[in-house]
Amino acid sequence: MKYKQRLGVSMLAMSVLMHTGNVAAESFVAPFGGYAFGTSDFSTVDSTSQAESSVKIAESEHWGVMAGITTPDPGSIYLLYSHQSTEFSIGDNLNQPEITKLDIDYLHLGGALYFPQGKFRPYITTSAGLTQMRPDNGFSNETNFSMSIGGGAEYQFTTNFALFADARGYATFISSSQSLFCNSGNCKWLVDADLMWQGQVSVGAKLTF
């Protein structure tokens, strides 16, 4: 799995270099914030009792930043970091759920293609990278390969300043029946899932220089 992750990121990086070419590029920084929703629930099995349950991740706010360069398409190549502080519960309606805090981070290399209409610039975007989930209460961190696709629009007030809004869907690849959120060296739960889905809507400001 690690080999596939590295191969995918390497191919994306090669595509970045091919698109930038010899054309002079502008740099930009774009902080953003918004709401993360629609996270998948994991079906789980207790490795000791074989009891079935679920892991549910709550919706909450998120924030992040993009930094990158423009391309002549017109478009952009960027590195994205997104952070969400939330919580997850282990259990179902028949059992008392165990609640703990959870941080979810995305670190992605991506690209956007714009369709300018004057100062209004709709765009589509894709990215790939890593998702890290860091629970509290002694549970282990989980890091997996992920990809995203989305769309949005920005409005250029000046050549150096714009506001934007977009929506993205993230798919995090999780090996079926692997251990999830081990506690004190004991991998109590096995997850029965291949993907974790999550949506994000964001607004932000873009500074170009």
Side-chain angles (χ1 to χ4, degrees), residues 5-39 59-86 103-134 141 143-173 197-209:
Q5 294 175 3
R6 293 173 182 172
L7 180 61
V9 174
S10 297
M11 292 178 64
L12 185 58
M14 291 173 61
S15 176
V16 168
L17 295 176
M18 292 175 63
H19 277 81
T20 53
N22 297 321
V23 179
E26 295 179 315
S27 301
F28 67 87
V29 176
F32 60 85
Y35 196 75
F37 61 93
T39 304
E59 303 176 359
S60 69
E61 298 80 9
H62 74 273
W63 59 267
V65 63
M66 290 184 290
I69 57 174
T70 60
T71 63
D73 295 319
S76 65
I77 300 297
Y78 59 83
L79 184 67
L80 176 147
Y81 170 74
S82 174
H83 174 79
Q84 177 190 5
S85 293
T86 181
D103 290 332
I104 302 177
D105 290 338
Y106 293 101
L107 182 62
H108 275 209
L109 179 65
L113 180 62
Y114 290 83
F115 304 91
Q117 301 177 17
K119 294 184 177 182
F120 182 68
R121 291 159 52 91
Y123 60 86
I124 56 175
T125 182
T126 60
S127 65
L130 298 175
T131 302
Q132 184 176 72
M133 294 179 282
R134 300 192 308 279
N141 297 341
T143 303
N144 296 90
F145 177 73
S146 56
M147 301 180 69
S148 80
I149 186 170
E154 71 175 35
Y155 187 85
Q156 284 189 304
F157 289 90
T158 71
T159 56
N160 301 107
F161 178 76
L163 295 178
F164 67 91
D166 64 30
R168 299 169 186 257
Y170 288 88
T172 300
F173 295 81
W197 296 97
Q198 187 177 48
Q200 288 188 354
V201 290
S202 307
V203 295
K206 182 178 179 181
L207 304 175
T208 305
F209 48 92

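Heads up: numbering here begins at 1 and tracks the sequence.
Separating the NZ atom in K206 from the CZ atom in R121 is a distance of 5.5 Å, to the nearest 0.5 Å. Between atom CD of residue E154 and atom CZ of residue F161 there is a gap of 10.5 Å, rounded to the nearest 0.5 Å. A distance of 10.0 Å separates CG in D73 from CZ in F115, rounded to the nearest 0.5 Å. Taking CG of D103 as the reference point, atom CE of M133 lies at 12.0 Å (rounded to 0.5 Å). Between M66 atom CE and S202 atom OG the span is 8.0 Å, to the nearest 0.5 Å. With rounding to the nearest 0.5 Å, the separation of CD in Q198 from CD1 in I104 is 5.0 Å.
Ring pair H83/W63 is tilted by interplanar angle, where 30° to 60° counts as tilted. In this pair, Y123 and Y114 present their aromatic rings tilted. The plane angle is within the 30 to 60° band. Taking the six-membered ring for Trp and thresholds of 30 and 60 degrees, F37 and Y35 have nearly parallel ring planes, at less than 30 degrees apart.
Panel note: side chain N144, backbone F173; a donor-acceptor pair is recorded below 3.5 Å. Within the 3.5 Å criterion, the main-chain N or O of S85 finds a donor-acceptor partner in the side chain of S60. The main-chain N or O of T208 is found under 3.5 Å from a side-chain atom of N160 such that the two form a donor-acceptor pair.
Closest of all the heavy-atom pairs between G110 and S127 is CA-CB, 3.6 Å. When all heavy atoms of L130 and S146 are compared, the pair lying nearest together is C-OG, 3.6 Å. Smallest separation of non-hydrogen atoms from A167 and V201: CB-CG1, 4.0 Å. Listed here is the closest heavy atom pair of V29 and F209: CG2-CE2, 3.9 Å.
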How far apart are the C-alpha atoms of R134 and D105, what are their side-chain angles, what is the distance that settles it, and do they pass the side-chain contact (heavy atoms from CB on, under 4.5 Å) test? CA-CA 8 Å; R134 300 192 308 279; D105 290 338; 2.4 Å; yes
Derivation and outcome, side-chain hydrogen bond (donor to acceptor under 3.5 Å, both in side chains), residues Q200 and Q84: CA-CA 10 Å; Q200 288 188 354; Q84 177 190 5; 5.2 Å; no
Verdict with reasoning, L79 to L107, per side-chain contact (heavy atoms from CB on, under 4.5 Å): CA-CA 7 Å; L79 184 67; L107 182 62; 4.2 Å; yes
Let's go through E26 and T159 carefully: what are the C-alpha distance in whole Å and the side-chain angles of both, what is the deciding distance for side-chain contact (heavy atoms from CB on, under 4.5 Å) to 0.1 Å, and is it a yes or a no? CA-CA 11 Å; E26 295 179 315; T159 56; over 6 Å; no
Starting from the C-alpha separation in whole Å, work towards a yes-or-no answer on side-chain hydrogen bond (donor to acceptor under 3.5 Å, both in side chains) for S82 and Y170. CA-CA 11 Å; S82 174; Y170 288 88; 5.1 Å; no
Starting from the C-alpha separation in whole Å, work towards a yes-or-no answer on side-chain contact (heavy atoms from CB on, under 4.5 Å) for T125 and Y78. CA-CA 10 Å; T125 182; Y78 59 83; 2.5 Å; yes
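The aromatic ring centres of H62 and Y106 sit 6.0 Å or more apart.
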